[in-house]
Amino acid sequence: MTPDDLLKEALESAVVGLFGKSADLQIQPTNPQFEGSHTLVCFPLTKLSGKSPEETGKLIGEAVLKGSDTVSSFNVVKGFLNFVLSDKVWSSRFNQINANPSFGTFSPNGKEIMVEYSSPNTNKPLHLGHLRNNFLGFAVAEIYRAIGYKVHRVQIINDRGIHICKSMAAWKLFGNAETPASASVKGDHLVGKYYVLFDRHYKEQTAELEKSGLAKEQAEKEAPIMKLAVAMLQQWENRDPEILQLWQTMNGWVYEGFGKTYERMGVSFDKLYYESETYLLGKEEVLKGLESGVFFKKEDGSVWVDLTADGLDQKVLLRSDGTSVYMTQDIGTAILRFRDFPSIDGQVYTVGNEQEYHFKVLFLILKKLGFKWAEKCFHLSYGMVDLPTGKMKSREGTVVDADDLMEEMVQAAAKQSQELGKAEPSEATNEMIGLGALKYFLLKVDPKKRMLFDPNESIQMQGNTAPFIQYTHARIRALIRKAEEQNLNFSGSFSGIKLEPGERALISLISRYPETITLAASGYSPSVVANYAYELAKEYNQFYQTVRIFGEQDNQTLLFRIALSAQTAKIIRHAMALLGIGCPEKM
RNA sequence: GGUCCCGUAGCUCAAUGGAUAGAGCAACUGCCUUCUAAGCAGUAGGUUGCUGGUUCGACCCCAGCCGGGAUCACCA
């Protein structure tokens with residue numbers, strides 16, 4: 001039984017004993033400025049007791065103190081009844097946790113979930129926004145795995161469409177057969193270069209056409225380079241061998257580049273879906289829906305869904321020329337996924353909040369098509385990452401490149417280590433610290449909130465950051481090494497230890513770790529885990545700084561403190577791993 | 001204009017309807033002969049955008065305003 005359960009039981013019997021019937025008891029963690037760990041809010045009980053909140057609290061407190069040995073003392077402040085639980089309760093809880101090597105992970109619950117993240121276009125390298133997306137999706141997947149789900153990590157790769165044709169067009173015109181090898185550039189960056197080049201020429205051409213008297217809309221259509229890209233898209237749909245070849249080659253470059261980026265990021269996928277392989281299925285399903293009357297056709301041949309009755313708009317699903325749009329292929333992809341994994345209990349789409357409307361429509365369409373699993377689909381919508389200069393715009397060159405940023409973070413970590421005079425910081429350690437700082441920075445904020453990334457200030461290693469937490473872990477590991485050198489055996493259980501307030505607080509925090517993971521999972525919010533890890537590290541540092549562990553004379557207490565430290569390090573490592581962040585042994 | 005999200009210390013962020021709204025950064029003051037100072041302790045910093053309402057109790061729920069953002073394409 002956890003301390004929570006013990007107290008709840010004691011409280012329930014006290015309330016029944018005092019007032020003759022049970023009531024809903026509101027127990028919450030005690031505000032740190034008061035003594036105790038658990039607080040009963042007494043206001044709701046005044047109706048039952050017929051007394052003031054203070055008196056009610058006092059009555060209940062006395063009854064609990066007499067009726068059980070769970071509580072060692074209590075105090076009442078206003079209507080709040082604060083309990084100090086007995087050391088016996090805490091140390092037995094600690095023994096329980098200590099004896100459970102898999103504390104924090106739940107046994108398999110037989111459920112399956114699919115988490116989609118990343119899902120980039122294949123025409124340019126990954127940027128800061130993708131980093132938030134990937135870290136978020138990866139962490140949510142890890143958190144669900146921790147609570148017992150079987151997790152399928154997937155992405156849909158937007159490998160076809162006008163965007164890649166733009167890069168292809170520019171490469172064909174100006175590339176001189178350049179390859180990543182010949183240019184010594186990562187493939188995704190090379191393809192991105194031509195995407196930018198396309199845009200530059202496109203702008204020049206439309207400007208000239210406008211000067212010669214064309215309307216803006218007309219000029220945009222008539223620009224020769226755009227006409228080339230559109231022609232390539234049509235050739236692609238007609239399976240033109242030469243175009244397919246070029247398309248495959250350039251996508252191949254991108255995949256190779258992405259692969260390196262993902263590897264450094266520490267994310268991976270169990271299965272990849274490609275738009276080029278799902279869009280036709282989507283088209284089929286839309287045509288089926290047309291037959292069954294879910295959709296309708298306009299005079300020009302385009303196919304639409306009418307969602308006005310649901311408070312939404314009409315939405316095009318097939319263009320008048322029969323080609324599919326984004327929505328079409330998303331319908332296909334969703335159906336394919338539930339075909340591939342019929343027993344999944346949920347599908348999470350990690351996609352920015354600018355697509356909220358899109359997913360609302362998608363899920364509604366799937367429901368209208370009669371797929372019961374439509375309600376299992378969830379859009380994990382997250383806010384944009386803004387720069388001090390405003391929104392990132394790839395066309396204006398204000399994007400923060402993922403590869404560059406990761407490299408900068410690792411360099412910054414190396415520099416920091418050097419300035420602090422750390423001994424022999426290994427490359428692996430710098431990598432863990434630099435990337436850890438970046439991941440933590442992006443994950444500690446509630447996903448649905450927009451966040452600001454200031455390149456000058458965000459590379460920070462003190463305070464509420466991953467390096468702070470990692471450092472706490474490394475310090476504990478140093479303690480453990482010392483204990484092992486001295487052949488101290490700190491496994492096993494402890495009793496009769498007189499606990500310091502900081503030790504009680506630590507055990508209490510550790511004890512709440514499993515429910516923290518559950519909370520993070522149900523809210524799809526790794527920030528809950530991040531904030532917990534920070535709280536735990538902070539609490540431990542206070543303990544570390546007030547108690548001299550190896551200076552302790554009592555052997556049992558010494559061993560207990562080492563065991564408590566070891567347990568803290570273990571949970572820090574576990575929690576950080578859920579965020580995709582490693583913890584070095586030394587730093 | 002319709003729909004949705006956000007507004008908390010100078011800055012970046014916390015706070016299952018509960019106590020005197022908390023951290024970090026930046027500023028200032030202390031603490032390394034000690035288990036790692038990427039640390040700890042302290043000072044200062046607030047009308048939680050505004051106005052009402054519900055409640056014993058509201059940053060949180062409701063209504064209205066103000067400010068910021070997203071979205072409403074035969075784009076993705």
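A note on names: the letters A, B, ... follow the listed sequences, proteins ahead of strands, and every chain is numbered from 1. In what follows, every heavy atom counts, from backbone to side chain, and hydrogens, waters and symmetry copies are set aside.
- Between B/G67 and B/C28, the two C1' atoms lie 34 Å apart (nearest whole Å).
- The cationic group of A/Lys448 does not satisfy the cation-pi geometry with A/Tyr382, failing either the under 6.0 Å distance to the six-membered ring centre or the 45° limit from the ring axis.
- Residue A/Lys586 is in base contact, counting any heavy-atom pair closer than 4.0 Å across all strands shown.
- Closest approach to the A/Thr39 side chain among B/A19, B/U34, B/C40 is made by B/A19 (side chain taken as heavy atoms from C-beta onward).
- At the phosphate of B/A38, OP1 or OP2 sits under 4.0 Å from a side-chain N or O atom of A/Lys422.
- Summary of the strand contacts: A/Tyr326 and A/Arg450 both lie near RNA chain B, and taking for each the nucleotide with the nearest heavy atom, the more 5' one is attributed to A/Arg450.
- Nucleotide B/C31 forms a pair with B/G39, judged by Watson-Crick or G-U wobble geometry with both contacts under 3.5 Å.
- Within 4.0 Å of A/Glu535, counting heavy atoms only, lies no atom of the nucleic acid at all.
- For the P atom pair drawn from B/A58 and B/G69, the interatomic distance equals 32 Å after rounding to whole Å.
- A/Asp386 comes within 4.0 angstrom of no nucleic acid atom, judged by non-hydrogen atoms across all strands.
- Spacing between atom CD of A/Glu54 and atom P of B/G57 amounts to 15 Å, rounded to whole angstrom units.
- Heavy atoms of A/Asn121 sit under 4.0 angstrom from primed sugar atoms or phosphate atoms, though from no base atom.
- Minimum atom distance to the side chain of A/Phe43 is reached by B/G18, of the listed B/C35, B/C40, B/G18.
- In this structure, the nucleotide among B/U36, B/U20, B/C13 sitting nearest to the side chain of A/Met451 is B/C13.
- In A/Glu35, the CD atom is not crowded: 12 or fewer heavy atoms of neighbouring residues, nucleotides or ligands sit closer than 6.0 Å.
- Rounded to a whole Å, the CZ atom of A/Phe441 is 7 Å from the C1' atom of B/U12.
- Taking atom P in both B/G10 and B/U47, one finds a spacing of 8 Å when rounded to whole Å.
- Not a single donor-acceptor contact under 3.5 angstrom links the side-chain atoms of A/Thr465 to the base of B/A38.
- No contact: A/Glu515 has no heavy atom under 4.0 Å from any strand.
- Set against B/A38, B/U36, B/U71, the side chain of A/Tyr357 has B/U71 as its closest nucleotide.
- Look at the C1' atom in both B/A9 and B/G22: the space between them is 11 Å, to the nearest Å.
- Annotation: B/U54 and B/C11 have their C1' atoms spaced 35 Å apart (nearest Å).
- Residue A/Phe550 contributes atom CZ, which lies 9 Å from atom P of B/U36 at whole-angstrom precision.
- Going from atom CG of A/Asn464 over to atom P of B/C11 covers 18 Å, rounded to whole Å.
- B/C62 and B/C4 are spaced 11 Å apart, taking the P atom of each and rounding to whole Å.
- Under a cutoff of 6.0 Å and an axis angle of 45°, A/Arg475 and A/Tyr544 form a cation-pi pair.
- In this structure, the nucleotide among B/C40, B/C72, B/A70 sitting nearest to the side chain of A/Asn541 is B/C40.
- Dashed line: the shortest gap from a side-chain N or O of A/Asn531 to OP1 or OP2 of B/A14 is not under 4.0 Å.
- Stacking annotation: A/Phe34 is stacked on the base of B/A19 (ring centroids less than 5.5 angstrom apart, interplanar angle below 30 degrees).
- Counting any heavy atom pair closer than 4.0 Å across all strands shown, A/Gln462 reaches sugar-phosphate atoms only and no base atom.
- Relative orientation of the A/Phe83 and A/Phe74 rings is tilted, given thresholds of 30° and 60° on the angle between their planes.
- Comparing B/A23 with B/G46, their P atoms are spaced 15 Å from each other, to the whole Å.
- Put simply, A/Lys449 has no side-chain N or O that comes within less than 4.0 Å of OP1 or OP2 on B/U12.
- Within the cation-pi definition used here (under 6.0 Å to the ring centroid, within 45° of the axis), A/Lys166 does not qualify as a partner of A/Tyr195.
- Nucleotides B/C60 and B/C5, compared at atom C1', are 16 Å apart to the nearest Å.
- Between A/Arg319 and B/A76, a side-chain N or O to OP1/OP2 separation shorter than 4.0 Å is present.
- Checking B/C4, B/A76, B/U34 against every side-chain atom of A/Arg548, the shortest atom distance belongs to B/U34.
- Contacts of A/Phe468 with the nucleic acid, taken as non-hydrogen atoms under 4.0 Å apart, involve only primed sugar atoms and P, OP1 or OP2.
- The nearest heavy atom of RNA chain B to A/Ser320 and to A/Thr472 marks one nucleotide each, and the one closer to the 5' end goes with A/Thr472.
- For the pair A/Lys297 and A/Trp304, the cation-pi criterion (under 6.0 Å, within 45° of the ring axis) is not fulfilled.
- A glycosidic torsion no more than 90° from 0 defines the syn conformation; B/C59 lies beyond that range and is anti.
- Side-chain N/O atoms of A/Ser511 and A/Ser508 include no donor and acceptor closer than 3.5 Å.
- Taking the six-membered ring where tryptophan is involved, the planes of A/Phe359 and A/Tyr349 are tilted, since the angle between them lies from 30° to 60°.
- One finds a side-chain N or O of A/Gln542 lying less than 4.0 angstrom from the OP1 or OP2 phosphate oxygen of B/A41.
- The side chain of A/Lys360 places no N or O atom within less than 4.0 Å of a non-bridging phosphate oxygen (OP1 or OP2) of B/U71.
- Using the six-membered ring where Trp is involved, A/Tyr326 and A/His358 have ring planes that are parallel, under 30° apart on the 30 and 60° scheme.
- Judged by distance alone with a 3.5 Å cut-off, no donor-acceptor contact links the side chain of A/Gln460 to the base of B/G24.
- Across all strands shown, B/G7 forms a Watson-Crick or G-U wobble pair with B/C66, both key distances being under 3.5 Å.
- No contact: A/Val351 has no heavy atom under 4.0 Å from any strand.
- Side chain A/Asn82 to base B/A19: a donor-acceptor pair is found below 3.5 Å.
- Note on A/Arg475: a side-chain N or O is less than 4.0 Å away from OP1 or OP2 of B/A37.
- A/Val445 comes within 4.0 angstrom of the backbone, heavy atoms only, and of no base.
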